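I have placed the structure first, in the form of structure tokens, so that the comments after it can refer back to it.
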Amino acid sequence: MSENNRGMSRRGLFGAAAGVAALPIAVRAGALPAPTLEGDAGLAELVLNVNGRDHRVALDVRTTLLDPLREHMDLVGSKKGCDHGQCGACTVHIDGQRVLSCLTLAVAVQGGQVKTIEGLAAPDGTLHPMQQAFIDHDGFQCGYCTPGQIMSAVACVHEGHATTDADIREYMSGNLCRCAAYPKIVTAIKQAREQMEHA
Amino acid sequence: MRPFTYNRAVDLAQAARLGQQTGQGQTDAPVQFLAGGTSLIDLMKLDVLTPERVVDITPLRANHATVQAGHDGLRLGALAKMAAVAAHPAVLADYPVIAQSLQLAASAQLEHGDAGWQRAAANPLHVFSRSELVCLQQAQPGLRLRGDPGDQP
């Protein structure tokens with residue numbers, strides 16, 4: 001057992017566990033009707049496009065997007081902090097705009113393009129300038145809020161709200177960092193902004 | 001969150017029909033409209049709102065999110081997002097208080113999810129009931145409601 005686990009990454013371990021957990025869902029999915037637009041209370045079969053890939057999932061209609069990302073798609077980068085839209089750790093992009101995945105019904109996301117922190121780097125593994133800038137400037141300590149911070153920061157630059165330090169602080173106010181890495185996050189965003197604007 | 005039936009609105013008439021049983025109260029209304037959800041879903045998670053049916057009106061955004069400024073005032077489509085209203089050139093130029101209040105009222109994530117007119121009209125993070133809308137309309141005669149037979153002015 002320990003022999004097999006040696007060398008297995010933390011993410012790999014989560015992946016194996018998630019695969020087992022997803023199995024009963026997949027079995028149930030086979031018995032379900034077509035995608036639910038007029039959804040009864042209960043299970044709905046949905047197609048969610050995440051990081052350029054379609055995922056077919058069977059979910060309770062009440063499920064908010066963050067849960068299938070983490071529990072069904074093995075995309076555990078987006079974090080559940082408060083689950084009430086106050087901390088921003090669950091921030092993802094839908095059709096290029098930053099949204100709180102904990103307050104977004106998964107069933108309402110059908111037809112949209114979801115991007116999570118896992119989809120931000122280039123296919124060859126080259127980090128997005130914002131990811132690299134957070135590393136360059138130590139824009140985090142424990143790292144729990146970081147995926148949400150980075151997704152929010154990328155959108156902040158695209159919106160044109162990263163022109164001044166004050167603007168960055170205001171428009172990043174939906175992402176809390178209890179390690180208080182804020183000054184370094186502002187510095188990181190300024191570096192990434194330059195690179196993104198010249199890309 | 002309590003179980004509910006989800007409906008995706010196909011047009012205004014259908015959404016209004018589904019919403020006719022909203023009742024007089026706010027928290028006990030059996031039907032709630034999902035226009036962004038940053039308030040609604042949170043209140044449903046907290047069991048403050050326990051609708052039997054949620055009507056998702058975000059598919060109607062394309063036709064009901066315009067921001068128009070003219071001599072007769074400012075008209076906000078009910079599904080115009082806070083961020084869109086706050087960044088509109090006419091709002092910035094002629095209604096700076098509204099623009100600034102929208103910019104500062106919430107985080108960017110909420111501003112991309114929330115309908116802007118709610119904050120411009122009155123109260124942030126607020127789900128309006130039908131009766132409240134009628135009161136609001138009396139206080140602000142320019143507010144137009146859709147959904148009644150023949151539409152209220």
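Being a predicted model, the structure only gives us computed values, none of them experimental. Lettering follows sequence order; numbering is per chain, from 1.
- L127(A) and V92(A) are not part of a single hydrophobic cluster, where members link through side-chain heavy atoms under 4.5 Å apart.
- The cluster map of Ile, Leu, Val, Met, Phe, Trp and Tyr, joined by side-chain heavy atoms under 4.5 Å apart, puts Y144(A) and M130(A) in different clusters.
- Between the CD1 atom in I41(B) and the CG atom in L65(A) there is a gap of 12.0 Å [rounded to 0.5 Å].
- At least one side-chain heavy atom of L46(B) sits under 4.5 Å from a side-chain heavy atom of H84(A).
- Distance check, rounded to the nearest 0.5 Å: CE of M1(B) to CG of D60(A) gives 9.0 Å.
- Using a 4.5 Å cut-off between heavy atoms, D42(B) contacts chain A through both its backbone and its side chain.
- What you find for Y171(A) and A108(B) is that their closest heavy atoms are O-CB, 3.8 Å.
- If you chain together hydrophobic residues whose side chains sit under 4.5 Å apart, V76(A) and I117(A) never meet in one group.
- For the options C102(A), G111(A), G160(A), A155(A), heavy-atom pairs under 4.5 Å to chain B are most numerous at C102(A).
- Taking CD of Q97(A) as the reference point, atom NZ of K81(B) lies at 4.5 Å (rounded to 0.5 Å).
- Taken together through direct or relayed side-chain contacts under 4.5 Å among Ile, Leu, Val, Met, Phe, Trp and Tyr, V99(A) and M151(A) form parts of separate hydrophobic clusters.
- Interface remark: L104(B) contributes backbone and side-chain atoms alike to the contact with chain A (heavy atom separation under 4.5 Å).
- You'll find the side chain of T64(A) reaches within 4.5 Å of the side chain of K45(B), heavy atoms only.
- Closest of all the heavy-atom pairs between G174(A) and S107(B) is CA-CB, 3.2 Å.
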Practice prompt. Let me see the working for L110(B) and L100(A) under side chain to side chain contact (heavy atoms under 4.5 Å, CB included), right down to the final yes or no.
Written response: CA-CA 8 Å; L110(B) 294 180; L100(A) 299 162; 3.6 Å; yes
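- Of all heavy-atom pairs between T91(A) and Q109(B), the closest is OG1-NE2, 2.9 Å.
- The environment of CD in Q195(A) is crowded: more than 12 heavy-atom neighbours from other residues, nucleotides or ligands sit within 6.0 Å.
- Contact check for Q103(B) versus E170(A): no side-chain heavy atoms found under the 4.5 Å cut-off.
- Note on L105(A): it clusters hydrophobically with L59(A), by side-chain heavy-atom contacts below 4.5 Å among ILVMFWY residues.
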